[in-house]
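Only heavy atoms go into these numbers, but all of them, side chains included; no hydrogens, no water, no symmetry mates. Not measured: the values here are computed from a predicted model. Residues take their numbers from the sequence shown, with the count starting at 1.
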Amino acid sequence: MTNSFGINIIPENDKQRIEALHRYKILNTPPEGAFDNVARLATQIFRTPISLISIVGAEEVFFKANIGMGNARKTNRGDSVCSLAVLKPEVTVFEDAASEPCLLANPNVAGSFGLKFYAGAPLITHDGYLIGTLCIIDKKPREFSQEERVILEGLAAIVMDEIEIRLSAIHENEKMHEINAMLMASNEEIQASQALLKTGMDKLSASEARLRYMVQDAPVAIAVLAGTDLVIETANRKILEYWAKDEAIIGKAILLALPELEGQPVMALLQEVFTSGRAFHSSELKAVLNLETRLEDAYYDVVFQPLMDPQGITHSIMIVANDVTEQVAARKKTQQAEENLRIATESAELATWSLDSASGEFVSSPRLKQIFGLDADAMMPYEAVIEQVRSDYQAIVRDAFNASIRRGDSFNIEFPIIERQEGKERWVRSLGKQIGTRNDTGYITGVLLDITEQKRDEQRKNDFIGMVSHELKTPLTSLTAYIQMLKGKAQKSHDDFSYGALEKANKQVGRMSNLINGFLNLSRLESGKISITKTRFDIAALIRDMEKETIESITTHEFIFEPVPSMIVDADQDKISQVVNNFLSNAVKYSPAGSVITVSCVTGDGKAHVTVKDEGMGIKAQDIDKLFDRYFRVENAQTKSIAGFGVGLYICSEIIQRHDGEIWVESELGKGSSFHFTVPV
Ligand code: ADP
């Protein structure tokens, strides 16, 4: 920078001054109307041709306002008189520039411009920096009074105020900028959070939709009742189904939708939930509903859940319900059935019991204790029950129970017990059956009946039959002897008629003695007198003997004896032939003359298996089970004319059981029967 003044024009604090100046953002900026006005005012007040508002920069002086100096916008700091005016806070005045030593070299003074007068009041910032001047210039020398200095200072102060206003405007602006930036930032944030909110809302509405869908299709009934009037706000498909209503009821008060609920306990419960704010749970809550025009009892497992606002005030109730009407009906039916059963068992004097084989717990009805001669409150453990069974039957009873526990077999057994009160013997019949398993072990239950009286009757009958049979046998034996003698005589005298008649009489006596033998067998069996004497024999030989005998004596039917391999059994030979004989004579009795009867015997599974098959009348399915019962006979027109007492098969089954074998029949009505038994080989 050139300096035409020949003195230092840079103040000590120029650096800070320049910095302060920069705050105002005023350098090299276009002229502004407000500054021009002040400068123009100055020319008018002081009657000078020129007035400038100059800002003294580091290198140059800028004219913020320029009245009378043409288009000049700036000048070199080293040539501008204003550079001198910013060196002190007072007004700088050169009344005649030509006489000022420091201005003599100044181009404005020495040059063609011809500056003669200069007065410049510094522009002083609020913090004391002299950043420029308001000056007036004239081309002729003049005097400048003290008042004029004050006026010029006043005008400079106005300019400075204007500049300070700019600064605060700049500050405001900056603040505005900042705020703007902040606003923008927050705007962005808002936009971002709006985006987030939108995705959140989307998710929410998706999950709401899902929830609505779930509620709508939930397998349980759901409804939301709002307000004290319990207006149906939501009702899913299931609950509409329960109520037998459609969506038209949504938005209605519950009593308008379901007027039948008026006065029912469920309404009081709902009101209670509303006022107390406490949830209500119940199983099998009854409601009478108007279903398809008739009132019906319905039962529900329900939860009434109050829904509250953040202040804890109930605004609605959510109902979750599950229709259990069918279960309740089923249970009532079961209860009814149980009651019927109880009446039936009581009137039949049936005792009932159950045994949990895992815990060994034996539960008995009062009647059972009564039969066993125990007090109603007496304990009855399983072992004690067995102890009361007559000793020769204990194993049988135990076996029956065990078979039921292990294999699920049902049993139906008769056995004597020793009653506790008087030590008397009582006969009982018990039926038992496994009813599912508890803890994977047998749980069996059954009934027990006192059959002492029946047994006594049977005993009396057996005794009578035994006695009568025995008494009949003696005369029958002599009768047979006489018939034999007479037959011999008739043969000798060639009396064919008598011979034939005696032959027939002999046959009848034979049948009679068979019958009597049957009864005798029975009464022996009943009184335990039938005994099994086992020997080892070949069952093939036994069947061969029977074949010969049968073919010789029975000519009415065709017999097929299938070949039998030799097999040794350990059994009572007489009793086994009695069983085969019984099968054979039944086959003859219950099948038409000329039909085929097939006898076979095979081995397998360590057993000899004998079958007698006929082509006779067969047996109805419902009779098959009873066939081996004592005195059982199939009653129909055909069997009426066939002699028999229904004891043969009973005796057979007793014999086979005592051999640890099995006996059974396969038959179809009208198509013949196959009677089977097995004995261990
Ligand atoms: P019964 O002396 O009456 O023949 P059983 O005990 O031998 O006595 O037989 C019992 C009943 O079984 C008979 O009354 C008969 O109704 C039926 N029954 C036995 N065997 C046959 C068979 N082979 N075919 C059809 N029914 C039979």
Side-chain angles (χ1 to χ4, degrees), residues 507 510-511 514 517-518 521 532 534-619 623-624 627-628 634 638-639 642-644 646-681:
K507 257 198 182 148
R511 278 181 69 181
N514 269 342
N517 278 335
N521 273 332
I532 304 289
K534 288 186 181 172
T535 52
R536 290 167 67 80
F537 63 93
D538 186 353
I539 200 162
L542 179 136
I543 303 276
R544 254 196 318 277
D545 289 350
M546 300 200 76
E547 178 177 3
K548 223 167 106 200
E549 226 171 81
T550 311
I551 290 172
E552 269 171 17
S553 59
I554 305 170
T555 50
T556 51
H557 290 72
E558 190 186 324
F559 287 93
I560 299 172
F561 278 81
E562 286 177 355
V564 180
S566 144
M567 52 188 112
I568 304 296
V569 292
D570 187 17
D572 185 322
Q573 192 163 355
D574 282 349
K575 298 285 185 307
I576 296 296
S577 3
Q578 190 182 332
V579 174
V580 181
N581 257 327
N582 210 306
F583 280 8
L584 281 168
S585 65
N586 277 352
V588 170
K589 272 196 322 196
Y590 300 104
S591 64
S595 63
V596 178
I597 295 170
T598 314
V599 181
S600 67
C601 179
V602 292
T603 32
D605 285 344
K607 294 172 195 164
H609 177 172
V610 178
T611 308
V612 176
K613 183 172 173 293
D614 64 53
E615 297 170 339
M617 62 179 72
I619 303 146
D623 288 333
I624 284 182
L627 224 55
F628 299 95
V634 174
Q638 288 165 290
T639 56
I642 303 168
V647 294
L649 289 178
Y650 168 66
I651 292 170
C652 291
S653 94
E654 288 295 320
I655 290 170
I656 296 302
Q657 270 173 36
R658 283 173 205 205
H659 277 89
D660 295 323
E662 278 173 277
I663 186 164
W664 73 99
V665 61
E666 286 159 4
S667 181
E668 208 179 313
L669 195 64
K671 291 197 178 156
S673 318
S674 295
F675 281 80
H676 306 261
F677 74 85
T678 60
V679 282
V681 178

Margin query: Measuring from atom NZ of Lys607 to atom CD of Glu662, what distance do you get when rounded to the nearest 0.5 angstrom?
Written below: 5.0 Å

Next item on the list: Would you confirm whether Asp538, through its side chain, and Ile568, through its main-chain N or O, come within 3.5 Å as a donor-acceptor pair?
Entry: no

Next item on the list: Taking ring pair (Phe, Tyr, Trp, His ring centres under 6.0 Å) as the test, write out the residues that go with His676, two or more places apart.
Entry: His609, Trp664

Notebook entry, point to check: For Ser667, which residues count as a side-chain hydrogen bond (donor to acceptor under 3.5 Å, both in side chains) partner, sequence neighbours excluded?
Noted result: Ser673

Note to self: Counting neighbours of NZ on Lys534 that are heavy atoms of other residues, nucleotides or ligands and sit closer than 6.0 Å, is the number greater than 12?
What the structure shows: yes

Checklist line | Side-chain donor/acceptor of Ser600 to backbone N/O of Glu562, under 3.5 Å | finding: no

Next item on the list: Identify the two heavy atoms, one from Gly648 and one from Asn582, that lie closest to each other, and give their separation to 0.1 Å.
Entry: CA-ND2, 3.3 Å

Next item on the list: Please lay out, stage by stage, how Val612 and Phe559 fare under the test side-chain contact (heavy atoms from CB on, under 4.5 Å).
Entry: CA-CA 10 Å; Val612 176; Phe559 287 93; over 6 Å; no

Margin query: How about CD on Glu666, more than 12 heavy atoms from neighbouring residues, nucleotides or ligands closer than 6.0 Å, or not?
Written below: yes

Notebook entry, point to check: Taking side chain as C-beta onward, heavy atoms only, is Leu584 less than 4.5 Å from Val588?
Noted result: no

Check: Say you draw a straight line from CD1 of Ile655 to SG of Cys652; how long is it, rounded to the nearest 0.5 Å?
Finding: 6.0 Å

Note to self: Applying side-chain contact (heavy atoms from CB on, under 4.5 Å) to Phe537 and Val569, what does each step give before you reach the verdict?
What the structure shows: CA-CA 6 Å; Phe537 63 93; Val569 292; 3.5 Å; yes

Margin query: Let me confirm one number: the CG-CD distance from Leu542 to Gln573, rounded to the nearest 0.5 Å.
Written below: 5.5 Å

Check: Quick one: CD1 on Ile597 to CD1 on Ile554, what's the gap to the nearest 0.5 Å?
Finding: 7.0 Å

Checklist line | Full working for side-chain contact (heavy atoms from CB on, under 4.5 Å) between Met546 and Asn581 | finding: CA-CA 8 Å; Met546 300 200 76; Asn581 257 327; 3.5 Å; yes

Note to self: Please find the pair of heavy atoms, one from Gly618 and one from Leu669, that lie closest to each other, and give the distance.
What the structure shows: O-CD1, 3.9 Å

Note to self: When you compare the side chain of Val599 with that of Glu547, does any pair of heavy atoms fall below 4.5 Å?
What the structure shows: no

Check: Distance from Met617 atom CE to Ile642 atom CD1, nearest 0.5 Å?
Finding: 4.0 Å

Next item on the list: Would you mind checking if Arg658 and Glu654 are paired as a salt bridge, meaning a charged N to carboxylate O distance below 4.0 Å?
Entry: yes

Checklist line | N/O donor-acceptor pair under 3.5 Å between His557 side chain and Ser591 backbone | finding: yes

Note to self: Can you give me the closest heavy-atom contact between Cys601 and Pro565, atom names plus distance?
What the structure shows: O-CD, 3.8 Å

Next item on the list: List the steps, then state whether side-chain contact (heavy atoms from CB on, under 4.5 Å) holds for Ile539 with Val610.
Entry: CA-CA 10 Å; Ile539 200 162; Val610 178; 4.1 Å; yes

Checklist line | Side chain proximity check, Leu649 to Asn586, heavy atoms < 4.5 angstrom | finding: yes

Note to self: Side chains of Phe561 and Ile543, heavy atoms from C-beta outward: is any pair under 4.5 Å?
What the structure shows: yes

Checklist line | pair Gln578-Asp572: side-chain heavy atoms closer than 4.5 Å | finding: no

Notebook entry, point to check: Quick one: CD1 on Ile619 to CD1 on Ile624, what's the gap to the nearest 0.5 Å?
Noted result: 5.5 Å

Next item on the list: Among residues two or more places apart or on two chains, list those pairs meeting ring pair (Phe, Tyr, Trp, His ring centres under 6.0 Å) that have a residue in residues 567-586.
Entry: Phe583-Phe675, Phe583-Phe677

